[in-house]
Amino acid sequence: QVQLVESGGGLVQTGGSLRLSCVVSGFTSNHYWMYWVRQAPGKGLEWVSSIQPGRDLTYYADSVKGRFTISRDNARNTAYLQMNSLKPEDSGLYYCVGWRVSYDYWGQGTQVAVSS
């Protein structure tokens with residue numbers, strides 16, 4: 001069965017860093033767009049970053065440009081989100097998503113909390 005498992009969340013102070021990981025099973029992640037999406041408490045879903053299959057082109061929300069980096073390790077079927085210079089407004093539940101045409105798969109999320 002398809003499964004995406006996020007990890008790496010935690011509590012950090014403003015200016016700190018975290019690296020989120022998303023381990024994929026059940027499909028080949030390098031054939032899919034991989035997304036990171038987050039949800040702050042009481043807020044809606046917000047797209048954070050995407051990486052394109054094949055060419056591995058990357059895209060970022062304006063709010064995280066210059067601070068976050070999305071990447072993938074095809075051999076390990078894993079996607080990553082390196083988060084630097086974290087701000088309190090980055091806090092929330094971070095989801096890893098795989099998408100290809102008619103299919104999308106979501107992980108369970110990992111919590112990120114940034115204290116002032």
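In this structure, Thr110 contributes its side chain and Gly9 its backbone to a donor-acceptor pair below 3.5 Å. Ser21 places no side-chain N or O within donor-acceptor distance of the main-chain N or O of Ser7, the cut-off being under 3.5 Å. Using a distance-only test at 3.5 Å, with no hydrogens or angles considered, a donor-acceptor pair links the side chain of Thr14 to the main chain of Ser115.
In this structure, Ile51 CD1 and Leu57 CG are separated by 8.5 Å, a value rounded to the nearest 0.5 Å. Atoms OH and OG, on Tyr35 and Ser49 in that order, are 10.5 Å from each other to the nearest 0.5 Å. Atom OG in Ser17 sits 9.5 Å away from atom CZ in Phe68 (nearest 0.5 Å). Between the CG atom of Leu81 and the SG atom of Cys96 there is a distance of 9.5 Å, given to the nearest 0.5 Å. To the nearest 0.5 Å, the span separating CG on Asn84 from CG on Leu86 amounts to 7.5 Å. For the atom pair OH (Tyr32) and CG (Asn77), the distance works out to 10.5 Å, reported to the nearest 0.5 Å.
A salt bridge links Lys65 and Asp62; the closest N-O separation between the charged side-chain nitrogens and carboxylate oxygens is under 4.0 Å.
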Intermediate values then yes/no, ring pair (Phe, Tyr, Trp, His ring centres under 6.0 Å), Trp106 and Tyr95: CA-CA 7 Å; Trp106 289 66; Tyr95 295 96; 5.6 Å; yes

Verdict with reasoning, Arg38 to Val64, per side chain to side chain contact (heavy atoms under 4.5 Å, CB included): CA-CA 12 Å; Arg38 68 187 181 188; Val64 306; 4.0 Å; yes

Trp33/Arg100 under side chain to side chain contact (heavy atoms under 4.5 Å, CB included): CA gap, chis, key distance, verdict: CA-CA 6 Å; Trp33 283 83; Arg100 186 185 185 190; over 6 Å; no

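The only option from Tyr60, Tyr80, Tyr59 that meets the side-chain contact (heavy atoms from CB on, under 4.5 Å) definition with Ile70 turns out to be Tyr60. Among Gln3, Arg72, Arg76, Met34, the one residue that satisfies the side-chain contact (heavy atoms from CB on, under 4.5 Å) test with Val24 is Met34. Here the options are Met83, Gln111, Gln39, Glu6, the test is side-chain contact (heavy atoms from CB on, under 4.5 Å), and the partner is Tyr94; only Met83 passes.
Residue Glu89 qualifies as enclosed at atom CD: its count of foreign heavy atoms under 6.0 Å is above 12.
Side-chain heavy atoms closer than 4.5 Å link hydrophobic residues (I, L, V, M, F, W, Y) into clusters, and following such links, even through other members, never connects Val5 to Tyr105. Linking Ile, Leu, Val, Met, Phe, Trp and Tyr residues whenever their side-chain heavy atoms come within less than 4.5 Å places Val97 and Leu45 in a single cluster. Leu93 and Val12 fall into different hydrophobic clusters, where Ile, Leu, Val, Met, Phe, Trp and Tyr residues are linked whenever their side-chain heavy atoms come under 4.5 Å apart, directly or through other members. Each of Leu11 and Val114 belongs to its own hydrophobic cluster when Ile, Leu, Val, Met, Phe, Trp and Tyr are linked at side-chain heavy-atom distances under 4.5 angstrom. Transitive grouping of hydrophobic side chains (ILVMFWY, heavy atoms separated by less than 4.5 Å) keeps Val37 and Val2 in distinct clusters.
Ser63 approaches Glu46 most closely through the heavy-atom pair OG-OE2, 3.6 Å. Smallest separation of non-hydrogen atoms from Val23 and Thr78: CG2-OG1, 3.9 Å. The two residues Pro41 and Gly92 have their closest heavy-atom pair at CD-CA, 4.5 Å.
The shortest side-chain heavy-atom distance between Leu4 and Cys22 falls under the 4.5 Å cut-off.
The salt bridge (Lys or Arg N to Asp or Glu O under 4.0 Å) test applied to Arg19 returns no partner, not counting sequence neighbours.
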